Participant: 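The structure that follows is given in the form of structure tokens.
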Protein chains: 2
Amino acid sequence: MEYLLRQQIEKIVKLTDDEFAFVLTHFTPRQFKKHQYVVQAGDAAPNDYFVLKGLLKSFYLDEQGKMHILQFAMEDWWISDPQAYHNKTVATLNIDCLEDTSTMYISIENREKLCAELKKMEYFFMKKTTAGYIALQRRILSLMSQKADERYQQFISLYPSLLQRLPKALVASYLGISRETLSRISAA
Amino acid sequence: MEYLLRQQIEKIVKLTDDEFAFVLTHFTPRQFKKHQYVVQAGDAAPNDYFVLKGLLKSFYLDEQGKMHILQFAMEDWWISDPQAYHNKTVATLNIDCLEDTSTMYISIENREKLCAELKKMEYFFMKKTTAGYIALQRRILSLMSQKADERYQQFISLYPSLLQRLPKALVASYLGISRETLSRISAA
DNA sequence: GGCTTGATGTGATATAGGTCACACTGATTT
DNA sequence: AAATCAGTGTGACCTATATCACATCAAGCC
């Protein structure tokens with residue numbers, strides 16, 4: 001299934017077979033079961049996971065124990081606690097699986113090595129991070145300028161396939177609204 | 001004043017005098033006056049500005065003409081419309097000056113060249129973008145999990161120096177709350 | 001088959017924050 | 001000196017959304 005990873009990388013930089021084989025040596029496969037935690041707040045979180053199959057969420061638990069979903073990740077997406085990962089600190093986020101999940105992860109050490117050894121990969125990660133930055137900025141604008149129902153409509157059009165695999169309560173949490181409000185919105 | 005730029009870069013990668021001179025050839029100085037626009041929604045926005053002196057804001061105008069501030073930038077900060085910049089599309093954001101400001105900008109073409117020619121700089125931009133990504137994620141969490149007054153307190157402790165240079169109405173817009181609400185909060 | 005659990009809907013009520021309107025102060029402009 | 005304008009405060013009222021409580025339905029489990 002690693003071809004998924006190669007495919008994604010090659011959307012940005014072309015690799016020879018040897019190069020890809022080299023890239024692969026920096027990754028480790030790992031499986032998780034539904035409900036299993038990949039990252040727990042308070043623990044180290046030195047890995048960035050590329051999803052081959054399955055579905056996960058990353059979330060923050062506030063002081064009142066309320067859950068706020070930052071991200072979902074399904075096939076072909078990446079997920080981590082970026083702060084813990086890049087700054088090599090302890091996680092503030094949690095990541096768990098909504099379905100049985102199969103991943104390939106790269107540790108921050110391996111990533112640094114890989115980037116140093118194969119500049120194409122540094123370029124790849126650069127592009128990926130930049131795209132992520134732009135997406136986050138859009139999300140901030142959406143939180144600031146749109147009403148609950150507009151954000152929901154936007155979610156539907158952006159992620160139709162995700163929608164079908166997620167309970168509505170989780171979509172609500174991602175959108176920053178309550179379960180009940182989302183229920184009333186989607187009824188209308 | 002270019003030493004400010006060198007100083008910032010060298011927090012992440014060390015440069016020889018020659019290397020920095022080379023880096024500098026990719027930048028262009030430019031001054032703006034208070035109220036002047038640096039980027040206007042609808043126009044191209046192919047430059048990323050490093051602020052030597054002054055203060056700017058980037059903002060989005062929604063359909064109702066309401067302003068939503070995404071970012072401020074003062075000395076030692078960078079500002080652009082990242083989407084327009086990296087994807088070479090037309091701007092959706094506006095950037096204008098709150099004070100007379102002096103910048104050095106790098107066009108996206110020059111940045112690509114520079115990164116290709118001097119891998120240290122690619123590494124520098126990578127670090128900068130990653131840090132930005134993490135900051136945006138924190139802001140999303142803050143918008144989702146904190147009340148207006150908590151967000152304001154956080155802003156005060158994060159950016160005490162900015163606070164003094166900004167009218168409260170702009171701080172309110174950045175925090176995603178109304179002028180009036182901020183006034184009542186800061187009174188309490 | 002009965003039972004727990006997860007997902008969803010919906011009514012009643014509460015509230016944070018928005019909106020509108022107006023007042024006051026200091027600058028800046030003419 | 002008068003006049004405009006930017007920044008700020010504050011009262012009255014409105015509304016989107018949260019919260020609480022309960023009902024329903026389906027699915028997996030003993």
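Lettering follows sequence order; numbering is per chain, from 1. Being a predicted model, the structure only gives us computed values, none of them experimental.
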Participant: Counting only side-chain N and O atoms of A:Lys147, is one of them less than 4.0 Å from OP1 or OP2 of C:dG18?
Facilitator: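 No, because none of the side-chain N or O atoms of A:Lys147 sits under 4.0 Å from OP1 or OP2 of C:dG18.
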Participant: Of the candidate nucleotides C:dG9, D:dT10, D:dT19, which contains the atom at the shortest distance from the side chain of B:Arg184?
Facilitator: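 Among C:dG9, D:dT10, D:dT19, the one nearest the side chain of B:Arg184 is D:dT10.
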Participant: Out of the candidates A:Phe124, A:Trp78, A:Phe27, only one should pair with A:Phe50 under the ring pair (Phe, Tyr, Trp, His ring centres under 6.0 Å) rule; please name it.
Facilitator: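 Option passing the ring pair (Phe, Tyr, Trp, His ring centres under 6.0 Å) with A:Phe50: A:Trp78.
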Participant: When you measure from the side-chain N and O atoms of B:Thr181 to the phosphate of C:dG17, is any distance below 4.0 Å, counting only OP1 and OP2?
Facilitator: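 So the side chain of B:Thr181 is outside the cut-off, no N or O lying under 4.0 Å from OP1 or OP2 of C:dG17.
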Participant: I want to verify a distance call: between C:dG9, C:dC20, D:dT8, whose nearest atom is closest to the B:Pro167 side chain?
Facilitator: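 Looking only at heavy atoms from C-beta outward on B:Pro167, the closest nucleotide is D:dT8.
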Participant: Using the rule side-chain hydrogen bond (donor to acceptor under 3.5 Å, both in side chains), only one of A:Lys53, A:Gln31, A:Glu75 pairs with A:Ser102; which is it?
Facilitator: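 It is A:Gln31, the one option of A:Lys53, A:Gln31, A:Glu75 that forms the side-chain hydrogen bond (donor to acceptor under 3.5 Å, both in side chains) with A:Ser102.
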Participant: Rounded off to whole Å, could you give me the CE-to-P distance for the A:Met67 and C:dG6 pair?
Facilitator: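 Nearest whole value for this atom pair: 13 Å.
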Participant: Ignoring backbone atoms, test whether B:Ser178 places a side-chain nitrogen or oxygen under 4.0 Å from the OP1 or OP2 oxygen of C:dT19.
Facilitator: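 No.
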Participant: Output the rounded distance in Å from CE (A:Met144) to P (C:dG17).
Facilitator: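 Checked: the CE to P distance equals 16 Å.
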Participant: Could you check how far CG of A:Leu98 sits from C1' of C:dA7, rounded to whole Å?
Facilitator: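 After rounding, the gap between these two atoms is 14 Å.
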Participant: Could you check whether B:Glu122 pairs with A:Lys119 (Lys NZ or Arg NE/NH1/NH2 to Asp/Glu carboxylate O, under 4.0 Å)?
Facilitator: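 No, B:Glu122 and A:Lys119 are not salt-bridged.
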Participant: Of the candidate nucleotides D:dA18, C:dA21, D:dG9, which contains the atom at the shortest distance from the side chain of B:Glu180?
Facilitator: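 The closest nucleotide is C:dA21.
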Participant: Whole angstrom is fine here: how far is it from CG in A:Leu175 over to C1' in D:dA18?
Facilitator: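 Value for this atom pair: 15 Å.
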Participant: Specify the residues of residues 158-166 of chain A, ordered by number, for which at least one heavy atom lies under 4.0 angstrom from an atom of DNA chain D.
Facilitator: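 Result for residues 158-166 of chain A: none.
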Participant: Using a strict threshold of under 4.0 Å (side-chain N to carboxylate O), is an ion pair present between A:Asp149 and A:Arg184?
Facilitator: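 Result for this pair is no, no salt bridge flagged.
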Participant: Looking at the base of D:dG9, is there any donor atom on it, or on the side chain of B:Arg179, that sits under 3.5 Å from an acceptor on the other one?
Facilitator: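 Between D:dG9 and B:Arg179, which were checked side chain against base, a qualifying N/O pair under 3.5 Å is present.
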Participant: Starting at atom CG of B:Leu182, determine the distance to atom P of D:dG7, rounded to an integer number of angstrom.
Facilitator: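 Rounded to whole Å, this separation is 14 Å.
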Participant: Rounded to the nearest Å, what distance is computed from the NZ atom of residue B:Lys168 to the P atom of nucleotide D:dG7?
Facilitator: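 Going from NZ in B:Lys168 over to P in D:dG7 covers 13 Å.
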Participant: Taking the six-membered ring for Trp, is the centroid-to-centroid distance between B:Tyr133 and A:Tyr133 below 6.0 Å?
Facilitator: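 So the answer is no for these two rings.
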Participant: Can a side chain N or O of B:Lys66 be found less than 4.0 Å away from OP1 or OP2 on C:dT19?
Facilitator: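 It does, given that an N or O in the side chain of B:Lys66 lies less than 4.0 Å from OP1 or OP2 of C:dT19.
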Participant: After noting the C-alpha distance and the side-chain angles of B:Arg6 and B:Asp17, does the key distance pass the side chain to side chain contact (heavy atoms under 4.5 Å, CB included) rule?
Facilitator: CA-CA 10 Å; B:Arg6 180 163 187 177; B:Asp17 288 353; 2.9 Å; yes
Participant: Using whole Å, what does the distance between atom C1' of nucleotide D:dG7 and atom CG of B:Leu170 come to?
Facilitator: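 Distance check: B:Leu170 CG to D:dG7 C1' gives 10 Å.
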Participant: For B:Leu143 and C:dG17, what is the distance between atoms CG and P respectively, to the nearest whole Å?
Facilitator: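 Whole-Å distance recorded here is 12 Å.
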Participant: Answer with yes or no after comparing the ring centroid distance for B:Tyr174 and B:Phe72 against a 6.0 Å cut-off, counting only values under it.
Facilitator: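 Between B:Phe72 and B:Tyr174, which both carry aromatic rings, the centre distance is below 6.0 Å.
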